[in-house]
Structure formats: C-alpha cells, structure tokens
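Report on one structure; see the data block that follows.
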Amino acid sequence: MSSQSAGNEPPTRPKSSTRNPTQSTQPSILKNVESVTNAVLSILKDTVWPRRSTDMAHELIQVIENASSLKGIPKENLNIKAEHRASLERFVAVMVNVQPKLQEASDTYGAKKRRFRSRIKYLFTYLGRNKCTQVLESCQNEVQDALVSLPDNWAPELTTGDVTSPGPVKEQSDPETEPVTRVVTSQSTIVVASPSQDEESAAPGDQVISPSKRREWLGGMKTTFTAVEGVSGMIPVIGTYVGAAAKVGATIVEIIQQMGDNEEAAEDLTSHTGKLSDMLKRFEHGSVDQIRGDLTTVISNLQRELQNVQKKVTELGSTSVLRKAFSVGDRAEALKGYQETIRKVLEQIQLLATLNTAAMITELYDEGIREQQHRLLDRLGDANYGARGDAIEDVTCLQGTRVEILEHINSWVGNTSTSEKVFWIRGMAGRGKSTIASTVAAHWKYRAASAIFHFRRGQNETDKRLICALARQLGNSALFPEVKEAILQSIREQPDISQGRLWDQFQTLFLGPLSRLQNTHSPILLVIDALDECKDVEYAVNFVKFLDQSFQSLPVNVKVLLTTRPEAPLIRALEPSRWHAEDLDETVGIDDDIEAFLQHGFSGIRKEYGIEGDWPTRDQLRAIVEMSQGLFQWARTAIEYMKEGSPEDRLQELLDLPSICHGMDDLYLKILGGAFEKAKKNSARGELFIRLLGTLVVTPYPISLETLAYLFADYSTFRNKSPENIIRYLRLEVLVDLGSLIHVSPSSTGHIRLMHTSIRDLLVDMAIPKLVGDGAGTMLNKVKQLSKERLLGWLEHSPSAH
C-alpha cells in the first residue's frame, strides 16, 4: 500500500531530504515480517495435518495470508509512526514464537511431503488428534491478538517542516456544528450528515441521502454482509448466529434495492440496515478475539438492531405500503413475491431475536463445555464426506429455475399442520435431483435444524455413516439448542452407538431424541440424496422401512426429503408408504428451465471468450435445448465441454451429432472418445488413460491426485519421477480433456470425483469396454484388486498406522 492510499489524509511530501531518524530501521522490520510470515506459512502448507486438525490449519493459513490485505501491512519503506512500528515488532515476535510450536506439531502429528506413503495413508485413516488442534488454535489466537494491535491506517509519520501537497481548496465545515457519519464501502468512503446529539431521537428519515449515495452505501453493506456470512463458519458457537444475521442483512439490502429511488419508503430501513452492517463488520475477520471483552454488549446491540429492522420490515408487509414502496400497482404476482420475501425475513429475524444468546456466549467462553461437546460428537466417527459434500453437491439451482417444485417443497417443510413428514423425489439420472436437494438444504440453513447426506455410487465406505452423519450435523445446530442438546444427550447415554446396527442407530440418534421434541416449533429437516446409490440395497430398504414404521411417533415439524432414481428395490419399498411423491420424469415445461440454464451458461462463455454478436442463434439454442431431452446434467456437461475449447466450434460439433444420438450416453462417449484419441497417440499415455478411468470407477474411497500418483508410481512412464512430477503429468496430460466429466480439485490432496453417477455407469457398461475391448472386465478386476491391496497395505504395514 502506498502512502497516497493509506488513509483519508491528503498525500504529503517532505520539505527537505532530511531522513527520519527511524527510517533506517524500517527495511529490516518489513523484511522480518515477510521472512517470518513465509516461514510459518511454509510449515502450515507443507504439512498434511490429521483430518480433525485440517480445518484449523486452513483457518490459520487464511488468517495469516489475509493479514496483509486486511491490515494493509506495507510492502515498501515508509516513515511508519513509532507506535505502529512497535506493533509490527510485536507481530514479528509473536510469529517467531509461533514458528517452533508449529514445527513441533508438524513433526509430531503431520505427514510431510517427503514421507509420501505416510501422507497417502492419512487420507484414508480417521485420526483424532485433539492436542494437534489445540496447538493450532493456540497459535491462531496468538496471531490474531497480534493483528489486533496493528493499525488500520499506515499513514507515514510527518517530520518537522513537512507540508501537504497542493490540492483543491474546499470550504471546511465546523465539526462541532455539523457532525458527520462515515460509511465505508468496498470502493470508497461516503460522508453523510449525522444528527447532532440533540437530534438523536429524531427519525432516521431526517438524514437526507441522495439516491446515488444510497445505492453506493447499499453496495458497501451488501459486500459486508456477504463477507461476514462467508467467514461465519470459522467462528465457534456463535458463527451460525452471525451468519444468519448477515444473511438477513443481505436480503434486506436486496429488498431496498428493488425499491429503486423511492426515498420515503427506503430511507428508514436503509438507516437501520446500515447500523446492522456496522455491527456485523466487527466479525469480518472470522473471529471474536478482537471483541472478546465486549462480545456480550456487541451481541446485545445486534439483537436490539435486529428488532428495529424487524419493526421496519413489518411496516412494509401491508399491500398498500408494498404498492407504494415497490411501484408495482395492482400486479398480483409481483406483490406476492415481495410479500413472500418479507415473510421469510421476518421469520428469520424472529428466530434470531428470541434466541438465548447469553447461553451461546457462555458456551463460547467455557472451553471445557466446548471440548466435552466435541468429544461427544467425535464418538459418531468421521462422516465428513456424506455430510459435507463437495463442490459438486454444493451446486444449487439457478435462480428462477425449478421454481414450482422448490416452492412446493419449501411450503411442505414449513407447514407443521400436515401429517406428511416425508417428501420423495424420484427421477432418472440427470434430472437434477441432487441439485434440488442441495438447494432446499441451503434455503433452510438458518431457518431449520437441518442435515444433509449425499450417497455416491462407488464410495462404499461412506454408505453406512448415514445416521451418524445426520446426527452429527444436528448436534451442531447452534440456532436450535434444544435439538443440539437432545442429540448430545443420546450420545452420552450410548457413547458407542456409531458401532451399532442400523436399527440401533436409528432409534438412538433419530427416533429417540426427535420424539422428545414435541414442543419445538421450528422445522427439523433431514435431506437424504441419492439413496439408490447406496451399494447395500438391504441397508437402504431397511432405512425406508424403519422410517415408514416410525414417522407417526415423530413431531409434525420433523421432515425428511428423499431423492432416488426409480430403481426396483426402493420403488417396492417406497410406493406403499403414505408419503408425498414427486416424479421428475413426468414434470412438464422443463424445457423453459433448461433454456434459462443454457442461456446463463452461454452468457458466461461470451464474457470469458469475448464473443460478440448473436451467439448462439435462437435456432441453435432451441436445438441444444431439444438435444438435452429435459436433462440438466446433459446441459451442464455440454456447457462445460464448450468451455474447454473453441466454444463456437464445439457448439457446432454438438449440433452435428447424428440424429440417432440421444441423452447423456452419446455426449459422454463423444467427450471420452475425443480425449482417448488424443491420449492414445502415445501408447503408454493411452494405456494410462484407461487405467486411470478404471481406478476412479473401482476405488472404494474418495481418491486424490496424490493417491493416484502413488498408485501409478511404478508405471513405466513415471520411472524415477518425483510424486510432484507425476501429479503434474496426470493433471496436464491425462485428465486435461476430461474437465466436463471429472472434477479435479486444485489441491493435489483434494478429491477427484466423476461429475455425475451416470458417468460411472457408462464407464463400466459401455465406455471402457468400447475403448479396451473384450479384456475390459479383466482389466477392471485387476485395477480394483491392485488398488485394494495397495491401499490396505499402507494401513496395515506402515508403522505410523498403529
């Protein structure tokens, strides 16, 4: 950061060449900051931390990497004020103290890159290293405490005789008679008139803000709300509360923005929303350490301001006020939409306003309580994959699509008067079932005690973690303490339940605790996606039967959303039940949503590639919509395929496919065939291409590039190559043309996943046999056996596994 941008003061220039006495020491300080920061980051990034410590390590990396941008630590020699230089020296001292602690933790608990087998093994073993997490958390607290002392403004110190640079002369107002409020946005600082002390009780509407300034102000608020919600997951205990409040703020900003320049209706709400933004801004670093001493007051003020916002939003609820505020006249659909948005905001505020925040703060301060709760939830084992999903499962419906079914589901979740506790969505592969499930879960994230589990074909080791994964998420429901406590109590009573049979887990972690919550009014939502992909069909069928037998015992606010393909065993188990069913294969009018999805994708391509003019043409768009045959997965794959090459040429290639081609299989085969033709120009690469696909199909675990590198380390192409070089080759030479079918994490330790289960089905049934010939079955069996033997060998024979 340069001195010109270091604050709101005008730039300065020295009167003479006389140097500041402290200037000579500046470079060493800044160099020390850079040196020790790089050393600490190197330890953090070069260590594969135990799974339970990975999130904390990533948080610490983010805190350190963000320090420079958030605090604007200068990169060049400046006349830094003495007190600011002292805070830099303290920061360096803290980092120097943290470095050996992290090194010791790394040596004790981590698997270094050079210990490659040990590092791979960590990816497949659940490790509960409480002490490692505690060391990382302690280091993070020390770093954040040091960051608090760093200034937000690094304006250089003025030496005697310094003068300001020339600039326009502006008439100065008297600060005693004309106080101002500074509203900081992401782009600039807006100065608006503030009421004097005698006017504190005056209506906020007495402050006159021009429409253009209000729009800029709202933009800054939206940035703050979005940022705070994004980091809220890093804040223990109260993070969900903070994230929910930020979500409310962002929604209200959108409401105000839809009012246009209707100043009379928007001004009061804008003022209170600005106060909410200012309060939440204190959490934008993803920590409470900077305000720990004032946290009770901060939360109390936040609660009070939420109530003020609730009052203002309520005033918008009447039809007459809405018509005036939004200039919608008699348009019934527009009015209905605004009223529904306001209703949802008020529901969320009501939940937050009635929450016992004092108990949450007590828990936050009491490390003993938090540690006890963590230990109890850890008894449920490692269920992160099915519970958390990944970049694929986290995809939600494009706004404005699937509106009817989403409204239907959300209405069902919120309706506690109906006896229908289970909603069953069925449909063939590619209809968008998983995306709908993720969208519903995201919609209710802050409004219900919710949990989601994604089954994925081939990931057999995660299948039977269903109940424990759902229970673990409910046990973290900070906004719904009664649900959280019910789950924790069940674990106290049966601490080894994770080892129990399905029925025992169902009774202990689901039926028992939820049945005791008859007086809880907020929804309790469980989303179970792709139940048909559970390899153990008997397990899946039994779960359905247990649910059917027990749902009468559950409170009316307990809701279960299931998605499945129409496969025979589950159909036989599900159809006799008295549940609401939605068949996506029979949904009409889906082409409009497919077209909207494709238009959105084409818009992104035009911007990315600088394509001008009418592309695609209306006829081309209609043809692609027709080729999709109502399958969102086909449309998504087509868009990704076009992104990977020349979009115009690849669009034409798709349009030129023979008319007999239909559905996803033909599109998949085209992409696979093109990639294989390129790979087989080198015989060794072609064979590696097939074996890699086979490995992705048969491995029982989520797999990474690093794991693949180890599996193929003995391959002739990789003889005498380092793991890093193998990883680079796999990414750039083998997988490069499969981006529309395979998700490859930017991290070498992140999971590689087929974009859709239908891709795996096609690989097994058609693609690999077509590419390999009669020996496909034998090849897959060999790859499966090799993968199994080598992975088990790491776990059984490596000394550090015991």
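Nothing fancy with the numbering, it's 1 onward along the sequence.
- Considering every non-hydrogen atom in both A713 and I726, the closest pair reads CA-CD1, 4.1 Å.
- Taking CD of E595 as the reference point, atom CD1 of I624 lies at 12.0 Å (rounded to 0.5 Å).
- Of the charged side-chain nitrogens involved, none lies within less than 4.0 Å of a carboxylate oxygen, so that D529 and K433 do not count as a salt-bridged pair.
- Taken to the nearest 0.5 Å, the CD1 atom of I671 stands 7.5 Å off from the CG atom of L654.
- Of the charged side-chain nitrogens involved, at least one lies within less than 4.0 Å of a carboxylate oxygen, so that R472 and D378 count as a salt-bridged pair.
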(request) Evaluate the side chain to side chain contact (heavy atoms under 4.5 Å, CB included) criterion for residues L584 and I405: first the C-alpha distance (whole Å), next the side-chain angles of each, then the deciding distance (0.1 Å), finally the verdict. (result) CA-CA 9 Å; L584 297 185; I405 188 171; 3.5 Å; yes
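- For the pair D532 (side chain) and P566 (backbone), a donor-acceptor distance under 3.5 Å is absent.
- Of all non-hydrogen atoms in G750 and S704, the two that sit nearest each other are O-CB, 3.2 Å.
- Within a 6.0 Å radius of CD in Q399, other residues, nucleotides and ligands contribute 12 heavy atoms or fewer.
- The side-chain heavy atoms of L102 and L136, taken from C-beta on, include a pair separated by under 4.5 Å.
- Judged by distance alone, the side chain of S438 and the main-chain N or O of S434 form a donor-acceptor pair under 3.5 Å.
- Here the side chains of L705 and L735 are in contact, with some heavy-atom distance below 4.5 Å.
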(request) List the steps and the verdict of side chain to side chain contact (heavy atoms under 4.5 Å, CB included) for L44 and W49. (result) CA-CA 8 Å; L44 288 167; W49 300 98; 4.0 Å; yes
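- A donor-acceptor pair under 3.5 Å links the side-chain atoms of Y609 to the main chain of K643, judged by distance alone.
- You'll find the side chain of R431 stays beyond 4.5 Å of the side chain of F632, heavy atoms only.
- Nearest heavy atoms, I594 versus A635: CG2-CB, 4.3 Å.
- Distance check, rounded to the nearest 0.5 Å: CD1 of I425 to CG of L531 gives 13.0 Å.
- Distance CD1/I452 to CD/Q473: 8.0 Å, rounded to 0.5 Å.
- Although no hydrogens or angles enter the test, the distance criterion places a donor-acceptor pair under 3.5 Å between the side chain of T563 and the main chain of A530.
- The minimum heavy-atom distance linking V537 with P569 is given by the pair CG1-CB, 3.5 Å.
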(request) Begin with the C-alpha distance, continue with both residues' side-chain angles, and end with the deciding distance and a verdict on ring pair (Phe, Tyr, Trp, His ring centres under 6.0 Å) for Y729 and F718. (result) CA-CA 9 Å; Y729 184 91; F718 300 135; 5.4 Å; yes
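- Checking side-chain atoms of R622 against main-chain N and O of T617 turns up no donor-acceptor pair under 3.5 Å.
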(request) Evaluate the side chain to side chain contact (heavy atoms under 4.5 Å, CB included) criterion for residues K535 and F455: first the C-alpha distance (whole Å), next the side-chain angles of each, then the deciding distance (0.1 Å), finally the verdict. (result) CA-CA 9 Å; K535 183 178 181 181; F455 282 98; over 6 Å; no
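- Between R731 and R728 the shortest side-chain heavy-atom distance does not fall below 4.5 Å.
- Side chain of S42 to backbone of A39: no donor-acceptor contact under 3.5 angstrom is found.
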(request) Decide yes or no on side chain to side chain contact (heavy atoms under 4.5 Å, CB included) for V527 and L470, but give the supporting numbers first. (result) CA-CA 9 Å; V527 180; L470 295 173; over 6 Å; no
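- Looking at T439, its side chain does come within 3.5 Å of a backbone N or O of T435 through a donor-acceptor pair.
- Side-chain contact between L562 and F543 is present, with heavy atoms from C-beta onward closer than 4.5 Å.
- Distance alone, capped at 3.5 Å, is enough to place a donor-acceptor pair between the N38 side chain and the E34 backbone.
- Comment: E653 does not engage R650 in a salt bridge, judged by the lack of any side-chain N to carboxylate O separation of less than 4.0 angstrom.
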(message) Walk me through whether Q599 and S603 qualify under side-chain hydrogen bond (donor to acceptor under 3.5 Å, both in side chains).
(response) CA-CA 6 Å; Q599 284 180 328; S603 176; over 6 Å; no
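- Within a 6.0 Å sphere centred on CD of Q652, heavy atoms belonging to other residues, nucleotides or ligands number more than 12.
- Closest approach of D585 and M428 over heavy atoms only: OD1-N, 3.1 Å.
- Checked for salt-bridge contact, R426 and E567 miss the test: no charged N lies under 4.0 Å from a carboxylate O.
- A salt bridge between R685 and E733 is present, with a side-chain N of the basic residue lying under 4.0 Å from a carboxylate O of the acidic one.
- Here L598 contributes atom CG and L621 contributes atom CG; the two are 6.5 Å apart, rounded to the nearest 0.5 Å.
- At least one side-chain heavy atom of R402 sits under 4.5 Å from a side-chain heavy atom of I590.
- Counting non-hydrogen atoms of neighbouring residues, nucleotides and ligands closer than 6.0 angstrom, the CD atom of E104 reaches no more than 12 such neighbours.
- Between S106 atom OG and Q99 atom CD the span is 11.5 Å, to the nearest 0.5 Å.
- Of all heavy-atom pairs between L466 and Y539, the closest is CB-OH, 3.7 Å.
- Side chains of V744 and L738 form no contact here, defined as non-hydrogen atoms less than 4.5 Å apart.
- Within the 4.5 Å cutoff, side-chain heavy atoms of I436 are placed close to those of L406.
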